*Asks:* 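Sharing a structure, written as structure tokens. Questions coming.
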Amino acid sequence: MNHTETQAPADTPMVKAEAISKSFGSNEVLKSISLEVQRGEVLCLVGPSGSGKSTFLRCINHLETINAGRLSVDGKLVGYRQVGDKLYEMHPKEAAVQRRDIGMVFQRFNLFPHMTALENVAMAPTLLKKGSKAALQSRAMELLARVGLADRHDYYPAHLSGGQQQRVAIARALAMDPKLMLFDEPTSALDPELVGEVLDVMQGLAESGMTMIVVTHEMGFAKQVADKLVFMDGGVVVEAGDPVEVLTNPQRERTKAFLSKVL
């Protein structure tokens, strides 16, 4: 894995957000958000719809540009380069190269309908010529096995359940060997009985040491798997800390009100 030419020091946070602000027109969606995620840590972001969670996630891999603040992944600024004390936005091509190190799994699976599960997983590494076709196919099979779908490698998305499609989407994100995985409400479009199979895969990833930021409504998962829980509302971090502590003994009235509705 030839990630960065110069490895960041081991104690560099994997994600460091410093006073991130983002507006859409006059609507300020993120208001000076600061937080850090260490290597191998799982951070769960919870909060009501419209609180800015998904927007923050999209800023981390520069799918959204920020209006103020600094965001770095593995010690490198995301989407911008610094010259003197000014930040300049990168060319989209450069930003796309940076994005390869960050896997993202969306609410909707976005699989290519005309490709099998195996072809979906192998596609990006193949386009980027990350190895021989045989090696990349074999790696794609390993990843499908990792998400419990080796026996479905030749199925098209239309013949897979929602949970299976989401697991293929996770395998596809892993195919680029990301150093960070972002999950944007990965189970919210699924039938309730399919949620568990996706959360199990995510828990396995967490246990393997993958750094993850997960926007979720699954409080049980957050309590069990997250190292840190952040409750957002109205574009600000209202409360953050140990998941069990925040969920069982929230300090802020707004957190208490939210949790009383979802727990």
Side-chain angles (χ1 to χ4, degrees), residues 14-15 37-49 51 53-54 56-58 60-61 102-111 117 120-121 140 142-153 155 157 160-232 240-248 250 255 258-259 261-263:
M14 182 57 80
V15 178
V37 183
Q38 306 306 324
R39 284 161 204 282
E41 222 172 35
V42 177
L43 171 80
C44 278
L45 287 174
V46 303
S49 293
S51 57
K53 308 180 303 290
S54 295
F56 177 66
L57 211 61
R58 292 170 68 85
I60 294 173
N61 65 357
I102 305 173
M104 184 146 184
V105 177
F106 299 88
Q107 197 168 345
R108 295 272 163 209
F109 328 120
N110 303 333
L111 296 175
N120 265 288
V121 174
E142 277 170 34
L143 289 169
L144 285 172
R146 186 170 176 183
V147 299
L149 289 172
D151 60 336
R152 297 281 193 275
H153 68 93
Y155 283 47
L160 297 170
S161 71
Q164 290 169 335
Q165 289 185 58
Q166 191 60 295
R167 286 187 281 152
V168 172
I170 293 172
R172 179 179 61 180
L174 291 172
M176 292 297 289
D177 283 325
K179 52 175 81 165
L180 168 67
M181 285 283 282
L182 307 176
F183 293 87
D184 190 6
E185 300 194 17
T187 57
S188 61
L190 299 177
D191 293 336
E193 72 270 20
L194 301 177
V195 167
E197 64 191 55
V198 173
L199 294 179
D200 286 347
V201 167
M202 291 168 63
Q203 181 165 356
L205 277 183
E207 285 164 2
S208 76
M210 176 64 77
T211 311
M212 295 161 50
I213 301 181
V214 185
V215 172
T216 186
H217 296 290
E218 301 292 336
M219 298 300 160
F221 173 83
K223 195 171 184 176
Q224 194 178 345
V225 180
D227 298 292
K228 196 185 286 174
L229 183 78
V230 169
F231 170 63
M232 282 178 69
D242 173 77
V244 176
E245 193 58 32
V246 174
L247 291 172
T248 55
T255 318
F258 172 74
L259 292 176
K261 292 190 180 74
V262 298
L263 287 181

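Because the structure is a prediction, the values reported are computed rather than measured.
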*Asks:* For the pair K53 (side chain) and G47 (backbone), establish whether a donor and an acceptor sit closer than 3.5 Å, ignoring hydrogens and angles.
*Replies:* yes
*Asks:* What heavy-atom pair brings L160 and A117 nearest, and what distance separates the two atoms?
*Replies:* CD1-CB, 4.5 Å
*Asks:* So, R172 side chain and N120 main chain: donor-acceptor pair closer than 3.5 Å or not?
*Replies:* no
*Asks:* What pairs of donor and acceptor atoms, side-chain ones from residues 102-109 against any protein atom, are under 3.5 angstrom apart with sequence neighbours left out?
*Replies:*
residue, atom, partner, partner atom, Å
Q107, NE2, S188, OG, 2.9

*Asks:* Tell me the closest heavy-atom pair linking V147 and A171, and the distance in Å.
*Replies:* CG2-CB, 4.1 Å
*Asks:* Say whether, by atom type as modelled, one donor and one acceptor occur between the side chain of Q166 and the main chain of T187 under 3.5 angstrom.
*Replies:* no
*Asks:* Show your reasoning for whether side-chain contact (heavy atoms from CB on, under 4.5 Å) applies to L247 and V46.
*Replies:* CA-CA 11 Å; L247 291 172; V46 303; 5.8 Å; no
*Asks:* When rounded to the nearest 0.5 angstrom, what distance separates CD in E185 from OG in S49?
*Replies:* 6.5 Å
*Asks:* Show the nearest heavy-atom pair for residues P243 and K223, with the distance to one decimal.
*Replies:* CB-CA, 4.0 Å
*Asks:* Distance-only criterion, 3.5 Å: show the donor-acceptor pairs between side-chain atoms of residues 206-216 and protein atoms not counting sequence neighbours.
*Replies:*
residue, atom, partner, partner atom, Å
E207, OE2, Q203, NE2, 3.2
S208, OG, R146, NH2, 3.2
S208, OG, L205, O, 2.7
T211, OG1, G40, N, 2.8
T216, OG1, E218, N, 2.9

*Asks:* With side chains defined as the heavy atoms from C-beta onward, is the minimum distance between L180 and I60 less than 4.5 Å?
*Replies:* yes
*Asks:* Write down the atom of P250, the atom of T248, and the distance for their closest heavy-atom approach.
*Replies:* CD-C, 3.5 Å
*Asks:* Rounded to the nearest 0.5 Å, how far does CG of L144 lie from CG of L174?
*Replies:* 10.5 Å
*Asks:* Please report the interatomic distance CD1(I170) to CZ(F183), rounded to the nearest 0.5 Å.
*Replies:* 5.0 Å
*Asks:* From D177 CG over to L143 CG, what is the distance, rounded to the nearest 0.5 angstrom?
*Replies:* 8.0 Å
*Asks:* Please report the closest heavy-atom contact between E197 and Q164, naming both atoms and the distance.
*Replies:* OE2-N, 3.4 Å
*Asks:* side-chain contact (heavy atoms from CB on, under 4.5 Å) between K179 and M14: does it pass, once the steps are laid out?
*Replies:* CA-CA 8 Å; K179 52 175 81 165; M14 182 57 80; 4.0 Å; yes
*Asks:* What heavy-atom pair brings V198 and G163 nearest, and what distance separates the two atoms?
*Replies:* CG2-O, 3.7 Å
*Asks:* Quick one: NZ on K228 to CD on Q38, what's the gap to the nearest 0.5 Å?
*Replies:* 6.0 Å
*Asks:* With rounding to the nearest 0.5 Å, note down the distance linking CD in E41 to CG in D227.
*Replies:* 5.0 Å
*Asks:* Would you please name every residue forming a ring pair (Phe, Tyr, Trp, His ring centres under 6.0 Å) with F231, sequence neighbours left out?
*Replies:* F258
*Asks:* Within the side chain of D242, is there an N or O that forms a donor-acceptor pair under 3.5 Å with the backbone of V244?
*Replies:* yes
